[in-house]
Amino acid sequence: MGLWTYVTARWQALLMDSYLHASAVVQATLLATVLGVGLGVAVYRSPVGSAVATALTSAILTIPSFALLGLLIPVLGLGVPPTMVALVLYALLPIVRNTVVGLNGVDPAVVDAARGIGMGRLRVLTRVELRLAWPAVLAGMRVSTQLLMGIAAIAAYVKGPGLGNLIFSGLSRVGSVNAVELALVGTIGVIVIALLLDGVYVLVGRLTTSRGIRD
């Protein structure tokens, strides 16, 4: 059958797979943001600490996704747990790096002015520095999300949720009926979700970043 016929005949299952794929990526990005921003805040004042944090999170990206997922199977089994752990680990680098860059880019005069009006260290961090660094953090989240879209598809290797199952099924059945349709639908679905999420980030950036910072 043709691609469009295949989609219309199975649209409910495809919609569920798309939802699971997007949900896994979004949840992993949010969790990685909490961990990455926390790590960035802890090390951004220390050049050595920043270098070590960046190096460690960079090292994670050098691990092939198949290898990392395979190493997680004996510990976490199959399905969602190894998928989420792997996605969170791969998402850390852009967020940590952008958090450090964003916080270090805050004008010291602004920080001194905040302290001059009686703000404590924690209030300066949360109400001044992190707010000014937010565009950089959001950019890191955006990069991480796009990175995870493809990795989440590979998570089908460990029975993870999402569109990767369609891609793997299609590739494993090349030459049989609907094999090409399976692989194409999974691939196109990943691209469409990536574009939609990227549009969401643009909207979130406009809504959460003050006009003075944007301009």
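Everything numeric in this text was worked out from a predicted model, so none of it was measured.
Hydrophobic cluster membership is shared by L148 and V204, with clusters built from Ile, Leu, Val, Met, Phe, Trp and Tyr side chains linked at under 4.5 angstrom. Tracing side-chain contacts under 4.5 Å through hydrophobic residues (I, L, V, M, F, W, Y), one never reaches V128 starting from V101; they form parts of separate clusters. Criterion: ILVMFWY side-chain heavy atoms under 4.5 Å apart, direct or through other members. Under it, L72 and V80 are not part of a common hydrophobic cluster. Follow the hydrophobic side-chain contacts under 4.5 Å out from V85 and you never reach V158; the two are in separate clusters. No path of Ile, Leu, Val, Met, Phe, Trp and Tyr side chains, each step under 4.5 Å between heavy atoms, connects V34 with L125, placing them in separate hydrophobic clusters.
Under the 4.5 Å side-chain criterion, counting only non-hydrogen atoms from C-beta, Y201 is in contact with T145. Here the side chains of I167 and L182 are not in contact, with every heavy-atom distance at 4.5 Å or above. Residues L39 and L35 have side chains not in contact (no heavy-atom distance under 4.5 Å, counting atoms from C-beta outward). Between V41 and L130 the shortest side-chain heavy-atom distance falls below 4.5 Å. Annotation: side chain of L14 is in contact with side chain of L166 (closest heavy-atom distance under 4.5 Å). Using a 4.5 Å cut-off on side-chain heavy atoms (C-beta onward), M84 and L76 make no contact. Annotation: side chain of L93 is not in contact with side chain of I60 (no heavy-atom distance under 4.5 Å). M149 has its side chain within reach of L197: a pair of non-hydrogen atoms, C-beta onward, lies under 4.5 Å apart.
Smallest separation of non-hydrogen atoms from I117 and A114: CG1-O, 3.1 Å. Minimum interatomic distance between L69 and I154 (heavy atoms only, all atoms of both residues): CD1-O, 3.9 Å. Across Y90 and L61, no two heavy atoms sit closer than the pair CD2-CD2, 3.4 Å. Considering every non-hydrogen atom in both A91 and A32, the closest pair reads CB-CB, 3.6 Å. Annotation for G102 and A133: closest pair C-CB, 3.5 Å, computed over non-hydrogen atoms. Closest non-hydrogen pair, V25 versus A152, comes out as CG2-CB, 3.8 Å.
No side-chain donor-acceptor contact under 3.5 Å links D17 to the backbone of L163. Between the side chain of T209 and the main chain of R206, no donor-acceptor pair closer than 3.5 Å is present. Side-chain atoms of D198 never come within 3.5 Å of backbone atoms of R142 as a donor-acceptor pair (strictly under, hydrogens ignored). For the pair T99 (side chain) and G40 (backbone), a donor-acceptor distance under 3.5 Å is absent. Side-chain N or O atoms of S46 include none that pairs as donor or acceptor with a backbone N or O of V43 at under 3.5 Å.
Summarising the geometry, atom CZ belonging to R97 is positioned 6.5 Å from atom OG belonging to S58; distances are rounded to the nearest 0.5 Å. For the atom pair CG (L87) and CG (L92), the distance works out to 11.0 Å, reported to the nearest 0.5 Å. One distance of note links OG1 of T126 with CZ of R121; it measures 9.5 Å at 0.5 Å rounding. Atom-to-atom distance recorded for Q146:CD and I151:CD1 is 12.0 Å, nearest 0.5 angstrom. Note that OG1 of T33 and CE of M141 are 3.5 Å apart. Values are rounded to the nearest 0.5 Å. How far CD of E181 is from CD1 of I188: 10.5 Å, rounded to the nearest 0.5 Å.
Annotation: F66, atom CZ; neighbour count of heavy atoms from other residues, nucleotides and ligands within 6.0 Å is above 12. Counted within 6.0 Å of CZ on R45, heavy atoms from surrounding residues, nucleotides or ligands total more than 12; the atom is thus considered enclosed.
Salt bridge absent: R123 and E129 never bring a charged side-chain N and a carboxylate O closer than 4.0 Å.
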